Amino acid sequence: MRRTARIALLAAVLAALSAGRAAAQQQTPKPPEKATPAMPGMHGMHGDSAHHAGAPAAPGAKPKPGARPDAGKPAGPTSHEGMAGMEHGAMSMPIPMPAGMPMMPGLMGLSTGLTPFLPGAGVDPASLPAARPTEVAHLEDGDTLELTAMLVRRTVRGRTFTMYGFNGQVPGPLIRVPQNATITVRFRNRIDLPSAVHWHGVRLDNASDGVPGVTQAPVAPGDSFVYTVHFPDAGIYWYHPHVREDIEQAMGLFGNMLVDAPDRDYYSPANREQVLILDDLLMNGDTLIPFGTEGPDFALMGRVGNVILVNGEPRYSLRVKRGEVVRFYLTNASSSRTYNLSFGGAAMKVVAADVSRFEREERVESVVLAPAERYVVQVRFDRPGRYALVNAVQAINHFRGEFEPEVDTLGIVTVEATPATPDYSRAFATLRANAAVSRDIAKYRPYFDKEPAKRLTLTVEATGLPLATVQFMSIDTAYYAPVEWVDGMPDMNWLSTSRQVRWILRDDATGKENMDIDWHVPQGSIVKLRIFNDPRSFHPMQHPIHLHGQRMLVVARDGVRTKNLVWKDTALIPVGSTVDLLIDASNPGDWMLHCHIAEHLGSGMMALLHVDPSGRP
């Protein structure tokens with residue numbers, strides 16, 4: 001669709017919506033509320049309320065393709081009559097709109113119908129401890145860590161809020177352990193919601209995975225739980241709640257785990273290392289945008305913040321010497337935002353990702369981090385001056401139907417004139433091959449070309465959304481972007497809740513969806529899973545798919561073999577893409593498979609993979 005025709009059509013829709021809004025409101029009854037069971041892994045929320053490294057490909061708009069014979073059942077019918085949960089005039093829309101984007105006339109005066117929630121209702125922030133920066137918790141095999149989720153006082157851009165933190169820190173303590181260590185974590189919940197702790201990416205015992213409804217009961221406020229965490233793999237991992245992630249994680253409950261290999265030469269040499277965990281907050285002026293008590297809002301795209309934070313602060317800074325090589329451990333803890341990071345033109349190479357090193361170090365201009373992904377990069381700052389850590393993406397203006405470059409400066413690295421010692425320039429220039437990784441992967445290569453044992457289609461169903469949203473989507477989704485880097489429709493997104501939106505993992509073989517999927521595989525099996533992200537759905541969007549307790553290889557994307565492999569636990573599935581994953585199902589137990597956009601998880605996008613112990617049918 002040509003841009004001029006698109007704008008004319010959108011203008012006609014807007015005019016019709018504005019003219020007919022009052023009549024439409026009068027004719028729209030509010031249906032009675034209904035109750036549905038709580039979703040596993042998301043206690044406190046009910047169903048009715050409740051890579052690759054490198055620069056991203058140019059995200060030119062793509063037309064939706066025709067039907068695919070092998071894509072599984074298409075998205076079910078979408079009904080929008082009744083606008084369930086929508087309320088008129090309950091509160092003014094609190095969502096800041098992007099520059100140049102008008103608010104949809106048909107949405108003005110609507111609210112989500114959810115009860116607003118922010119941490120610590122009625123608590124004076126002055127009575128709370130001020131959040132502290134991350135402290136390193138050095139632990140050895142057999143040690144015990146006391147970990148408390150608690151209310152803290154945080155100041156962001158001069159404004160003070162009541163939020164959450166682990167042990168009073170945001171991010172939580174950096175847990176640093178040697179590979180193959182086993183530690184005990186005594187978790188205490190001192191916040192105002194049920195909680196739990198999931199040890200993301202760690203192939204630990206299933207009983208300690210931290211998923212209420214699957215491996216444990218939720219930890220009520222005031223209660224405690226003991227986890228046993230074993231670390232079989234070196235690298236960077238993170239921990240966060242698996243209860244109302246859209247609230248608890250967004251409000252500060254997250255932290256990193258750094259697992260050191262016994263080999264001091266595991267990575268190429270660096271002069272120093274930095275652990276950076278990225279997240280974002282959604283603010284309007286001096287206030288936080290409330291969450292929904294009964295379930296997530298922003299259910300279409302997820303909550304994309306307008307204040308980006310590095311290690312809990314809106315401005316990162318680092319001073320280094322000329323020629324220094326810095327190893328950065330990067331983690332994306334945002335609910336929905338995908339980042340494209342670079343360091344102001346400084347030379348960078350990617351060396352590792354979620355669960356292992358790459359087969360070969362690779363020179364990159366930037367690194368893409370979807371929610372929950374981790375990457376380890378090494379950067380050499382060879383000249384004095386200031387280097388900006390930037391997130392450079394192609395934003396989408398849904399109203400104008402255009403892609404626009406958007407660059408956020410997240411911090412500054414200042415390089416002094418004094419030369420660094422020792423000088424690692426020669427080692428940095430060498431792109432190492434990691435033979436141990438290739439040897440480990442070799443036994444899985446015979447499975448790369450086999451037919452998939454399992455197939456999933458990713459889609460969405462929506463019911464009761466505002467008429468303006470439905471009409472806009474019918475035009476807007478005629479074209480799609482493989483990745484939506486920003487929220488280009490925040491008013492429509494905010495008004496979509498888990499009452500109206502159901503994100504879907506669909507088993508192509510059986511038609512079963514989400515928690516009705518009942519996959520069993522024997523321990524030690526190698527499972528090829530093919531995932532197709534259907535671009536014909538009501539609102540197609542990328543999905544970072546995370547598998548608990550196992551490791552997997554991204555062996556192909558859209559039929560193109562991955563040339564430089566790395567073990568992962570989270571894989572980004574762009575819109576319209578087919579991605580082949582090879583799962584090493586070596587860890588017995590019942591494991592969650594889900595989208596790691598918090599609001600998509602909270603809208604049902606999860607399933608279980610049962611890895612049956614050896615010797616059991």
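Since the structure is predicted, the reported quantities are computational estimates derived from the model, not experimental observations. Side chains included, hydrogens not; waters and symmetry mates left out as well; all remaining heavy atoms used.
Side-chain atoms of Asp558 come within 3.5 Å of backbone N or O of Thr578 as a donor-acceptor pair. A donor-acceptor pair is defined here as one N or O able to donate and one able to accept, closer than 3.5 Å; no such pair exists between the side chain of Asp209 and the backbone of Val211. Asn533 places a side-chain N or O within donor-acceptor distance of the main-chain N or O of Met541, the cut-off being under 3.5 Å. Listed for the Asn391 side chain is no donor-acceptor partner under 3.5 Å among the backbone atoms of Leu410. With hydrogens and angles disregarded, no donor-acceptor distance shorter than 3.5 Å links the side chain of Ser317 to the backbone of Ile412. Distance alone, capped at 3.5 Å, is enough to place a donor-acceptor pair between the Gln169 side chain and the Glu135 backbone. Of the possible donor and acceptor atoms, none in the side chain of Asp569 sits under 3.5 Å from a partner among the backbone N and O of Val355. A distance-only check finds a donor-acceptor pair linking the side chain of Tyr237 to the backbone of Ala234 [under 3.5 Å]. Judged purely by atom type and a 3.5 angstrom limit, Asp487 has no side-chain atom pairing as donor or acceptor with the backbone of Val304. Put simply, the side chain of Asn306 gets close to the backbone of Met283: a donor and an acceptor are under 3.5 Å apart.
Heavy-atom contacts from other residues, nucleotides or ligands closer than 6.0 Å to CZ of Arg132 number more than 12. The environment of OH in Tyr444 is crowded: more than 12 heavy-atom neighbours from other residues, nucleotides or ligands sit within 6.0 Å.
With hydrogens and angles left out, the side-chain atoms of Asn189 and Ser195 include no donor and acceptor closer than 3.5 Å. When only modelled atom types and interatomic distance are considered, His594 and His600 share no side-chain donor-acceptor pair under 3.5 Å. Side-chain N/O atoms of His242 and His200 include no donor and acceptor closer than 3.5 Å. When only modelled atom types and interatomic distance are considered, Tyr316 and Gln274 share a side-chain donor-acceptor pair under 3.5 Å. For the residue pair Asn206/Thr215, the side-chain donor-acceptor check at 3.5 Å is not satisfied. Donor-acceptor pairing under 3.5 Å is lacking for the side chains of Ser342 and Glu365. When only modelled atom types and interatomic distance are considered, Glu373 and Asn332 share no side-chain donor-acceptor pair under 3.5 Å.
Tyr239 has its ring centre less than 6.0 Å from the ring centre of Phe166. Annotation: Tyr387 is in aromatic contact with Phe381 [ring centroid separation under 6.0 Å]. Taking the six-membered ring where the residue is Trp, the centroids of Trp238 and His546 are separated by 6.0 Å or more.
Among all heavy-atom pairs drawn from Val521 and Ala585, the shortest one is CG2-CB, 4.0 Å. Of all heavy-atom pairs between Gly302 and Ile597, the closest is CA-CG2, 4.0 Å. Taking both residues in full, the closest heavy atoms of Val575 and Gln542 are given as CG2-N, 3.4 Å, listed atom of the first, atom of the second, then distance. Nearest heavy atom pair, residue Thr570 against residue Pro371, reads CG2-O, 3.8 Å. Residue Gln550 comes nearest to Arg203 through the heavy atom pair C-CD, 3.9 Å, listed as atom of the first residue, atom of the second, then distance. Closest approach of Val368 and Tyr375 over heavy atoms only: O-CE1, 3.3 Å.
The residues Arg561 and Asp580 are annotated as not salt-bridged, no charged nitrogen and carboxylate oxygen being separated by less than 4.0 angstrom. A salt bridge is absent between Arg380 and Glu324: the closest approach of a Lys/Arg side-chain nitrogen to an acidic carboxylate oxygen does not fall below 4.0 angstrom. By the 4.0 Å N-to-carboxylate-O rule, Lys563 lies too far from Glu359 to be salt-bridged with it. The pair Arg322-Glu416 fails the salt-bridge criterion, with no side-chain N (NZ, NE, NH1 or NH2) lying under 4.0 Å from an Asp/Glu carboxylate O. Salt-bridge formation is not detected for the pair Glu361/Arg327: no Lys NZ or Arg NE/NH1/NH2 atom is positioned less than 4.0 Å from an Asp or Glu carboxylate oxygen. Salt-bridge formation is detected for the pair Arg432/Asp265: a Lys NZ or Arg NE/NH1/NH2 atom is positioned less than 4.0 Å from an Asp or Glu carboxylate oxygen. With salt bridges taken as basic N to acidic carboxylate O contacts below 4.0 Å, one links Arg551 and Asp440. Remark: Arg303 does not engage Asp246 in a salt bridge, criterion side-chain N to carboxylate O under 4.0 Å.
With values rounded to the nearest 0.5 angstrom, Leu547 atom CG is found 5.0 Å from Ile583 atom CD1. Rounded to the nearest 0.5 angstrom, Met552 CE and Ile526 CD1 are separated by 15.5 Å. Within the model, atoms CZ of Arg176 and CG of Leu258 stand 4.0 Å from one another, a figure rounded to the nearest 0.5 Å. To the nearest 0.5 Å, atom CE of residue Met163 and atom CG of residue Leu253 are 9.5 Å apart. Taken from CZ in Phe187 to OG1 in Thr184, the straight-line distance is 15.5 Å, to the nearest 0.5 Å.
Looking at Glu245 and His596, their side chains come closer than 4.5 Å, going by heavy atoms from C-beta outward. Contact of the Leu458 side chain with the Met605 side chain is registered, since non-hydrogen atoms from C-beta on lie closer than 4.5 Å. Leu147 places none of its side-chain heavy atoms less than 4.5 Å from the side chain of Arg188. Looking at Ser577 and Pro482, their side chains never come closer than 4.5 Å, going by heavy atoms from C-beta outward. At least one side-chain heavy atom of Arg445 sits less than 4.5 Å from a side-chain heavy atom of Ile441. Considering only heavy atoms from C-beta on, Val177 comes within 4.5 Å of Ile183 through its side chain. Side-chain atoms of Ser366 and Leu341, non-hydrogen and from C-beta on, never get closer than 4.5 Å to each other. Side-chain contact between Leu593 and Leu608 is absent, with no heavy atoms from C-beta onward closer than 4.5 Å.
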I'd like to know whether Asp590 forms a side chain to side chain contact (heavy atoms under 4.5 Å, CB included) with Leu609, so could you lay out the CA-CA distance, the side-chain angles of the two residues, the decisive distance to 0.1 Å, and finally the verdict. CA-CA 6 Å; Asp590 302 325; Leu609 175 67; over 6 Å; no
The test is side-chain hydrogen bond (donor to acceptor under 3.5 Å, both in side chains); show your working for Thr228 and Ser208 and say whether it passes. CA-CA 6 Å; Thr228 300; Ser208 288; 4.6 Å; no
Evaluation steps, side chain to side chain contact (heavy atoms under 4.5 Å, CB included), between Tyr339 and Ile308: CA-CA 10 Å; Tyr339 296 89; Ile308 300 177; 3.8 Å; yes
Go through it in stages, so that I can follow the logic: the residues are Val226 and Val185, the test is side chain to side chain contact (heavy atoms under 4.5 Å, CB included), and I'd like the CA-CA distance, side-chain angles, deciding distance and then a yes or no. CA-CA 6 Å; Val226 177; Val185 180; over 6 Å; no
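Residues meeting the side-chain hydrogen bond (donor to acceptor under 3.5 Å, both in side chains) test with Tyr227, sequence neighbours left out: Gln216.
A cation-pi contact links Lys349 to Phe428, judged by a cut-off of 6.0 Å to the six-membered ring centre and 45° from its axis.
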